[in-house]
Amino acid sequence: MRPYDHKKIEIKWQKRWEKEKLHKADDKSKKKKYYCLVEFPYPSGDGLHTGHVRSYTAMDIIARKRRAEGYNVLYPIGWDAFGLPTENYAIKTKTPPKVVTKKNTNTFRRQLKSLGLSFDWSREINTTDPSYYKWTQWIFLQLFKHGLAYKKKMPVNWCLTCKIGLANEEVVDGACERCGGATEKREKEQWMLAITKYADRLDKDLEAVDYLERIKIGQKNWIGKSEGAIIKFQILNSKFQIEVFTTRPDTLFGATYMVLAPDHELVEILKGQIKNWDEAARYVIQTKKKTEIERTAEGKEKTGVRLEEVFAVNPANQEKIPVFIADYVLKEYGTGAIMAVPAHDERDYKFAKKFGLPIKIVVEPVTGERREGEEKRRSIVALVRDPKTKKILSLDWGKALGGRLFIGGGLENRESPEEAARREILEETGYKNVRLTSVSEKIHHHYFAHAKGVAREIEATGLYFELLDGERTDVRHEDSERGKFKIEWVSEEEAGRDVSDPLHLYIFSKFVLGKCYEGSGILTDSGKWNGLDSETAKKEIIEFVGGIPKVIYKLRDWVFSRQRYWGEPIPIIICGKCGYVPVPEKDLPVKLPEIKTYTPTDTGESPLSKVKKWVNVKCPKCKGKAERETDTMPNWAGSSWYYLSYIMKGISNLKFPISKYKKGFEYWMPVDWYNGGMEHTTLHVLYSRFWHKFLFDIGIVPGSEPYAKRTSHGMILAEGGEKMSKSKGNVVNPDSIVNTFGADTLRLYEMFIGPFDQAVAWSTESIVGPRRFLERVWKMKEKIGKTGDADSTAQVEKAVKKISEDIEAMRFNTAVSELMIVSNALDKSSSISKPVYEKFLRILAPFAPHVAEEIWSILGNKKSIHNESWPKYDATAFIETTLTIMVQINGKVRGKFTIPSETPEEKIKEKALSLPETAKWISGGKPKRIIYVKGRLVSIVV
RNA sequence: GUCGCGGUGGCGGAAUGGUAGACGCUAUGGACUCAAAAUCCAUUGAUGGCAACAUCGUGAGAGUUCAAGUCUCUCCCGCGACACCA
């Protein structure tokens, strides 16, 4: 027998498949289509990563299964080749990016081909080909013509050391990614795409697609929809008003001051009215100057300046409130101004504390659950803190009676809360001398008093005391119903951990942790809405003050300009007379000129600006002197429509006009299954959904969503569990694994390594496992005989079922494990029947396509195994004829027995009781209960 | 801080509420060999016991249940994303 020589086998079949065009997708097929997509790689100089192998192999398995199921499968690949690393490499080595890209894609192509992935290579695309980016430019022009691309002054990240503009992704924690130096924001005119116009649809349409839940959540959070209202506040002695956006109009009565973003237009407008203008102006400048690092380093420390003599009127209660500027309010979000409600917003609370502003409580919390027929009571909860030991007085009632609590009790007669609290402290703990430091708002607490069997609503007041000295009286507990409790002084930590009663916990977090209440509740101090539920009050209060209900999004418009060379030129001509003029379609693509230096200019402009021959053009409209736009597009541009380019490549090799492709889009779109990295959830997937929706709106594509299903793979980490990185020297090169173990082994290993959607650490040691498995499968063909045993036949049938299901659910690790279980079973039997072995090979084929094909042909099959249909399984083959029944006694497994599967329940129970083990454990007692779980176990309770 | 994911042997990880540790790696012993590698066989959660067997055991604590890795609550730790979003 020949040994298993992976090198020979793999190269041989890869050549054969390519020659026979085995994986070519057919544009004219009558079959049902299935479009499998993986994120096309950025061809970096480092070559293919183990992470690519993981994602691509997984989708390859799915593609192969779909082909076997009779679908016309499109599984394409290409290169997302514009980008910074290539450009930076070009700057350093003076090699044209085009040349670098060519070299890198050659490496990637060779590596991908060596893995036996069933890509349709005839559709390979490259975002840096002019024939490709003419379309990227074409789509940009459509966006421009529809008013979705516009130019605006926007802050750019500027590295103070390198003196160049940086893309957002080059700024890490406020520092320049290359030199580590500080960055700041500089204003520059930038091209923007109005993705916010699609925010609502991008959010809502998530309901209609099959994305992993965490991907949907990621997108939703990024879009950041929030519902609220715009409310206007009149400025005293001025014709101007301050507009704010708020999600909490119910707290309007508690708005005790206002804050404008330092760069808010009103600041400049109100200049004459602001008495301390110098101070305010200084703060505005300071804020602008602040680098990103400073801003983040400052953390949550609030700063700001009061605009003296400027007052606004709270429209709810006509109160005169001061106005501030502070950088915790952002100009870009909402209206750039807020009404501050320090009692019910953590940030406003901190600011108010620092500036000594009034904190007015307007929402009373509700704790516990409301029940029918509640009895109303008033009570107090008192916290006593010993300033010397910093400990808090608590009562431990024991588990049954609520655990650790503070001091609580009802109000008697006409007692005030303070009187009641002092009385309770004395009665329950004996401490005589305490000083009241603060009192809380009312808390509406609902609970069920088990001892008395009544539901209660209590209006509780929290009181915070300081212990003055240790003088105590004896404590007698005549109230027997309460039982005994232990009086203990506990640390803040212990108290926070042990106290679980929601009312007590609320008062603790208010006084000790200094938290304000941000939840909903019952309104107070709010005019005619007192006593109303805050959620209900929202609408009414908006209406009362003439507010406008409004939905806003966190999502911002997409900054689409890069001042770089290696990207698609933005196809716009800037004319002094005509403004921004689109390059006519017939002149596309606007090709990147070949230049010598790729370094960005000192002014932060693209290196293209220095190529005068390229820049100076005639205006297409007025034929006058004009200049080209020198900004280029970001990385995300080419990948926002690439899934369409594969279809176009197959039909007419990306030639104009777009109408050629309509039928192709109708047949192939949407992508049926798209797998990629979690890191692309918010940017790439969102951007491409936006472009697709736009293309749908202008009638290019048939549906409004590009991807019907999106899944995500976990990262592959280096052996220690850290990220693989060149600097750490822990990168695994797939080439060396393919060389020593073979592509089939690598594929199996990466599928077996762990749950597909989770991060897993690489382990070179473990690769031998899948290799040994393949060796066993290889040798097994020697054992083919006329008959096989029934057991291994059943195993194979079962495996077909399990593996079919596992592939669909991306449980590749358990699928491989199942293949191993089958091979172990086949290995044990002395003779294997050919049909059983062949069936096994057919389910192995998507995972290890080369060995499966080789053995398949050795067995005498003339046609490729990859043209075989997906096997069906015979469920009757693995129906158990005998059952193993477990016997549990008081929940513990004490014995088991086997019995024919048709045995009636009564017989099984009898048998269970008659077992010697059962007798031993019951030891004379009578079973109280016998539970039978069908086909599994008998549970006996004694 | 918020959101998401996770915590199970020496390691990667299995497990519709029903025999925890499938499958793989490692390690130990044995077979083969002059020897080694490879391969094959056996053992491999902890503790006690000659053994049969027993007890404990899925980050911690509580709860629901005849039965909890799995469900509920509270908390701790690790990873990832976002981060003053009104």
Side-chain angles (χ1 to χ4, degrees), chain A residues 212-215 217-218 220-222 224-226 228 244-248 251 259 261 295-296 298-302 326-330 332-341 344-348 350-351 399 403 496-500 505 552-556 678-679 681-682 714-715 717 721 723 748-749 752-755 757-770 772-773 775-776 779 811 813-821 823-824 827 884-896 917 920 927-931 933-942:
Chain A
L212 285 186
E213 201 49 37
R214 60 192 174 123
I215 299 174
I217 291 168
K220 276 202 176 273
N221 289 347
W222 190 262
K225 182 177 179 168
S226 69
V244 302
F245 172 78
T246 177
T247 54
R248 293 298 300 274
T251 63
V259 186
R295 253 186 95 106
T296 9
E298 270 168 15
K300 309 285 186 247
E301 184 63 28
K302 296 281 178 287
D327 65 2
Y328 83 92
V329 172
L330 309 172
E332 310 86 59
Y333 186 74
T335 60
I338 61 157
M339 62 178 218
V341 185
H344 304 293
D345 182 282
E346 206 62 55
R347 295 152 300 172
D348 298 345
K350 279 190 183 142
F351 189 84
K399 279 175 201 164
R497 198 185 54 218
D498 295 353
V499 174
S500 59
L505 204 58
I552 65 164
Y553 301 90
K554 259 194 266 189
L555 186 71
R556 315 273 170 83
M678 211 48 206
E679 70 275 18
T681 302
T682 46
M715 259 196 299
L717 306 168
K723 266 189 188 171
L748 273 168
Y749 172 67
F752 186 55
I753 189 168
D757 59 350
Q758 270 168 46
V760 280
W762 181 268
S763 162
T764 302
E765 206 177 55
S766 302
I767 300 173
V768 289
R772 282 178 194 152
F773 159 72
E775 299 263 9
R776 270 202 300 279
K779 279 184 204 151
R811 288 188 302 250
N813 55 333
T814 51
V816 174
S817 141
E818 186 69 16
L819 287 169
M820 288 171 170
I821 290 168
S823 89
N824 290 346
D827 216 24
T884 304
I885 303 291
M886 307 309 302
V887 181
Q888 286 186 359
I889 291 150
N890 287 339
K892 294 210 172 197
V893 177
R894 296 302 185 189
K896 62 178 172 184
E917 295 96 316
K920 183 179 149 198
K928 280 185 206 153
R929 237 178 115 180
I930 300 168
I931 296 148
V933 180
K934 196 164 183 266
R936 285 190 173 272
L937 63 81
V938 177
S939 184
I940 301 165
V941 189
V942 277

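Values below: every heavy atom of this structure, side chains too, minus hydrogens, waters and symmetry copies. In the text below, chain A, chain B and the rest are named by the order of the sequence lines, each starting its count at 1.
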- Any Arg929(A) side-chain N or O less than 4.0 Å from OP1/OP2 of C66(B): yes
- Query: Is the shortest side-chain N/O distance from Arg772(A) to OP1 or OP2 of U39(B) below 4.0 Å?
  - Reply: yes
Measuring only the [atom1] atom in each nucleotide, how far is [N] from [M]? A whole number of Å is fine.
{"N": "U8(B)", "M": "C79(B)", "atom1": "P", "answer": "15 Å"}
{"N": "A14(B)", "M": "G63(B)", "atom1": "C1'", "answer": "28 Å"}
{"N": "U47(B)", "M": "C32(B)", "atom1": "P", "answer": "33 Å"}

Rounded to the Å, how far apart are [X] [atom1] and [N] [atom2]?
{"X": "Asn824(A)", "N": "C41(B)", "atom1": "CG", "atom2": "C1'", "result": "14 Å"}
{"X": "Arg214(A)", "N": "G80(B)", "atom1": "CZ", "atom2": "C1'", "result": "10 Å"}
{"X": "Arg936(A)", "N": "A68(B)", "atom1": "CZ", "atom2": "C1'", "result": "15 Å"}

- Message: Do Ser763(A) and Tyr749(A) pair up side chain to side chain, a donor and an acceptor below 3.5 Å, judged on atom types alone?
- Response: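 There is no such pair (donor and acceptor under 3.5 Å, judged by atom type) between the side chains of Ser763(A) and Tyr749(A).
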- Query: Using purine N1 to pyrimidine N3 plus N6-O4 or O6-N4 for Watson-Crick, or N1-O2 and O6-N3 for G-U wobble, both under 3.5 Å, which nucleotide pairs with G24(B)?
  - Reply: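 Check on G24(B): paired to C11(B), both distances under 3.5 Å.
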- Which residue lies more 5' along RNA chain B, comparing Val768(A) with Thr246(A) via nearest heavy atoms: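 The residue whose closest nucleotide sits nearer the 5' end is Val768(A).
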Classify the side chain of [X] and the base of [N] as holding, or not holding, a donor-acceptor pair under 3.5 Å.
{"X": "Ser817(A)", "N": "C23(B)", "result": "no"}
{"X": "Arg894(A)", "N": "U19(B)", "result": "no"}
{"X": "Glu346(A)", "N": "G1(B)", "result": "no"}
{"X": "Lys302(A)", "N": "C84(B)", "result": "yes"}

- Query: Between Lys225(A) and Tyr553(A), is NZ or CZ placed under 6.0 angstrom from the six-membered ring centre and within 45° of the ring axis?
  - Reply: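 No cation-pi geometry.
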- Under 30°, 30 to 60°, or over 60°: which ring-plane class applies to Tyr333(A) and Phe245(A), parallel, tilted or perpendicular?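 The rings of Tyr333(A) and Phe245(A) stand perpendicular, inter-plane angle above 60°.
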- Message: Can you identify which nucleotide, out of C25(B), A14(B), C23(B), has its nearest atom closest to the Ile821(A) side chain?
- Response: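 That would be C23(B).
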- Query: Do you know the tightest heavy-atom contact between Thr335(A) and Val244(A)?
  - Reply: OG1-CA, 3.3 Å
- Glycosidic conformation of G9(B), taking syn as within 90° of 0 and anti otherwise: syn
